[in-house]
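The residues of the chain are indexed from 1 along the displayed sequence. Whatever order the structure lists ligands and atoms in, that order sets their numbers, starting from 1.
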Amino acid sequence: MAGIYLHIPFCKGKCAYCDFYSVGNIKLKEVFIEAICKEIELQKDYLKGESIQTIYFGGGTPSLLSPQELEKIIEQIRSYFDVGKRNEITLEANPDDLTKEYLKAIKKIGINRLSVGIQSFNNDDLRRMKRKHSADQAIRTVRYAQEQGFKNISIDLLYGLPDLNLQQWEKNIEQALNLNIQHISAYHLTIEPKTLFYKYYQNGNLNLPPEDESLDQFGKLIEKTEQKGFLHYEISNFAKDGFLSLHNTNYWRGIKYLGLGPSAHSYNLTSRHWNIQNLRGYLDEIFKGKIPCEEENLSKNEKFNDYLITSLRTMWGLNTEKIEHEFGIDFKKHIEKKSSRFLKENFLIKSGNNFKLTKKGIFISDHIILSFLKD
Ligand SMILES: C[S@@+](CC[C@H](N)C(=O)[O-])C[C@H]1O[C@@H](n2cnc3c(N)ncnc32)[C@H](O)[C@@H]1O
Ligand code: SF4
């Protein structure tokens, strides 16, 4: 089983924190749809006949595509790949695009999971972030989606935001939990170069919470979601039983995926490819019948590091039997040596052949992962 990711590189405007690749001009949307359909054909052998379990429209803003455009892409995938019956087809969507009619139409074409970018239920936060929707609109959108029969809805939230205190964050979580959704992705804000927040930050005009306050916000998130029966299955991801994101879980488990569209990444167990981050360049090359990507063959250490970074962030942790089998006994010994301090101090726990972060360890996950990496 494998997955397909499609990067839809259009946004109505740039949010103050975001550096994902997108352009504001949607004039090229039609020609882009042609190109991505062409890329599907060009890449038909990349997954070597494996059937497709998950399709993920990410971006950018995939909800800027009409239901007909989305359907055209899905049909094109179906004509070149074997899409399994029990599939997960996710659309990342912005609340301002989700009308009742739109939701009804995309449900019909087979989209069965929504990931709605809400970010915050506080209008001051939303304005600061340059979002195009209000908190009420976001809440309404989720209700509409439920009325249309969507039974697998995720929302994105951000914490560690400028001027966000613990009480406001707690209100945000409570609001999210009141929506009766199945999944929450909550990310700590990263200040990315080339964003508006970065500029404010450099000028000393961004009032970010101190680190201990951010950690308290993370702790509150874990506590509140757990009380409501959510499974904390990856550092930033929480799901009701049976609603873990299959697409992302497959990434973390090292399953093959094909990424289509500008800036999309692909992985086929031996090498990693990434398409160029330039819409015009992408279109030019695709219409010449070429895939505009760079390739990196992964060394053993790089593959090992990839496995560590992804697996340790999940509730399953890393598996030393798998490490011995895929990388050799020295790599297993490396883990055993490096983990002893963290096990003693209760940051890691060993169960069978798995090493997992404890509740205490989750708060210093970056530090632990870094100390395991091979040069
Ligand atoms: C690439 S965006 C696409 C989603 C959709 N366009 C939207 O705006 O809702 C996916 C998610 O990444 C998260 N994200 C983007 N920039 C981030 C940053 N600088 N730090 C942390 N999370 C970020 C946001 O929560 C966002 O919803
Ligand atoms: S957060 Fe979403 S809408 Fe905002 S710029 Fe990034 S991809 Fe576009």
Just jot down the ligand 1 atoms closer than 4.0 angstrom to any heavy atom of [X], in number order.
{"X": "Phe20", "result": "1 (C), 12 (O), 15 (C), 16 (N)"}
{"X": "Tyr187", "result": "13 (C), 21 (C), 22 (N), 25 (O)"}
{"X": "Glu192", "result": "19 (N)"}
{"X": "Leu189", "result": "20 (N), 21 (C)"}
{"X": "His188", "result": "20 (N), 21 (C)"}
{"X": "Gly117", "result": "9 (O)"}

If you have a sec, work out which protein heavy atom is nearest [atom] and how many Å separate them, to one decimal?
{"atom": "atom 17 (C) of ligand 1", "answer": "Tyr17 CD1, 3.7 Å"}
{"atom": "atom 20 (N) of ligand 1", "answer": "Thr190 N, 3.0 Å"}
{"atom": "atom 4 (C) of ligand 1", "answer": "Glu92 OE1, 3.5 Å"}
{"atom": "atom 1 (C) of ligand 1", "answer": "Gly59 O, 3.0 Å"}
{"atom": "atom 23 (C) of ligand 1", "answer": "Leu158 CD2, 3.9 Å"}
{"atom": "atom 5 (C) of ligand 1", "answer": "Asn94 OD1, 3.0 Å"}
{"atom": "atom 1 (S) of ligand 2", "answer": "Tyr17 OH, 3.2 Å"}
{"atom": "atom 8 (O) of ligand 1", "answer": "Arg131 NH1, 2.8 Å"}

Plane angle bin for Tyr282 and Phe32 - parallel if under 30°, tilted between 30 and 60°, otherwise perpendicular: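 Because their plane-to-plane angle lies in the 30° to 60° range, the rings of Phe32 and Tyr282 count as tilted.
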Is the ring pair Tyr251/Tyr257 parallel, tilted or perpendicular, if the boundaries are 30 and 60 degrees?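 Judged by the thresholds at 30° and 60°, the geometry between Tyr251 and Tyr257 is perpendicular.
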Return yes when atom [atom1] of [X] has more than 12 non-hydrogen atoms of other residues, nucleotides or ligands closer than 6.0 Å, and no otherwise.
{"X": "Lys374", "atom1": "NZ", "result": "yes"}
{"X": "Lys360", "atom1": "NZ", "result": "yes"}
{"X": "Lys29", "atom1": "NZ", "result": "yes"}
{"X": "Ile255", "atom1": "CD1", "result": "yes"}

From Arg253 atom CZ to Lys322 atom NZ, the distance as rounded to the nearest 0.5 Å: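 That separation rounds to 10.0 Å.
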Lys256 to Tyr267, cation-pi by 6.0 Å centre distance and 45° axis angle: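 Judged by the rule (NZ or CZ under 6.0 Å from the ring centre, within 45° of its axis), Lys256 is not positioned above Tyr267.
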Should Asp156 be counted as touching ligand 1, given the test is an N or O pair under 3.5 Å?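 For ligand 1, there is an N or O atom that lies under 3.5 Å from one belonging to Asp156.
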Considering both backbone and side-chain atoms of Gln119, is one of its nitrogen or oxygen atoms within less than 3.5 Å of a nitrogen or oxygen in ligand 1?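 Looking only at distances, the answer is yes, because the N/O contact criterion of under 3.5 Å is met.
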In ligand 2, which numbered atoms sit nearer than 4.0 Å to a non-hydrogen atom of Gly60?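 Counting atoms of ligand 2 from 1, those under 4.0 Å from Gly60 are 7 (S).
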Ring centres of Phe57 and His7 under 6.0 Å apart?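 Not under 6.0 Å, so no.
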Pair Phe304 + His334: ring centers closer than 6.0 Å: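 Ring centres of His334 and Phe304 closer than 6.0 Å.
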Does one side chain, of [X] or [Y], offer a donor that lies under 3.5 Å from an acceptor on the other?
{"X": "Arg313", "Y": "Tyr233", "result": "no"}
{"X": "Asn268", "Y": "Thr270", "result": "yes"}
{"X": "Asn248", "Y": "Glu234", "result": "no"}
{"X": "Glu326", "Y": "Tyr307", "result": "no"}

Have a look at ligand 1 and work out which part of His133, if any, has a heavy atom under 4.0 Å from it: side chain, backbone, both or neither.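 Neither; nothing of His133 gets under 4.0 Å from ligand 1.
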Count up the protein N, O or S atoms sitting under 2.8 Å from atom 4 (Fe) of ligand 2, would you?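 For atom 4 (Fe) of ligand 2, the figure is 1.
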Do Tyr5 and His247 have side chains that get closer than 4.5 Å, going by heavy atoms?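 Answer yes - side chains close enough.
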Would you say Gly60 contacts ligand 1, with heavy atoms under 4.0 Å as the rule?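 Judged by the 4.0 Å heavy-atom criterion, Gly60 does count as contacting ligand 1.
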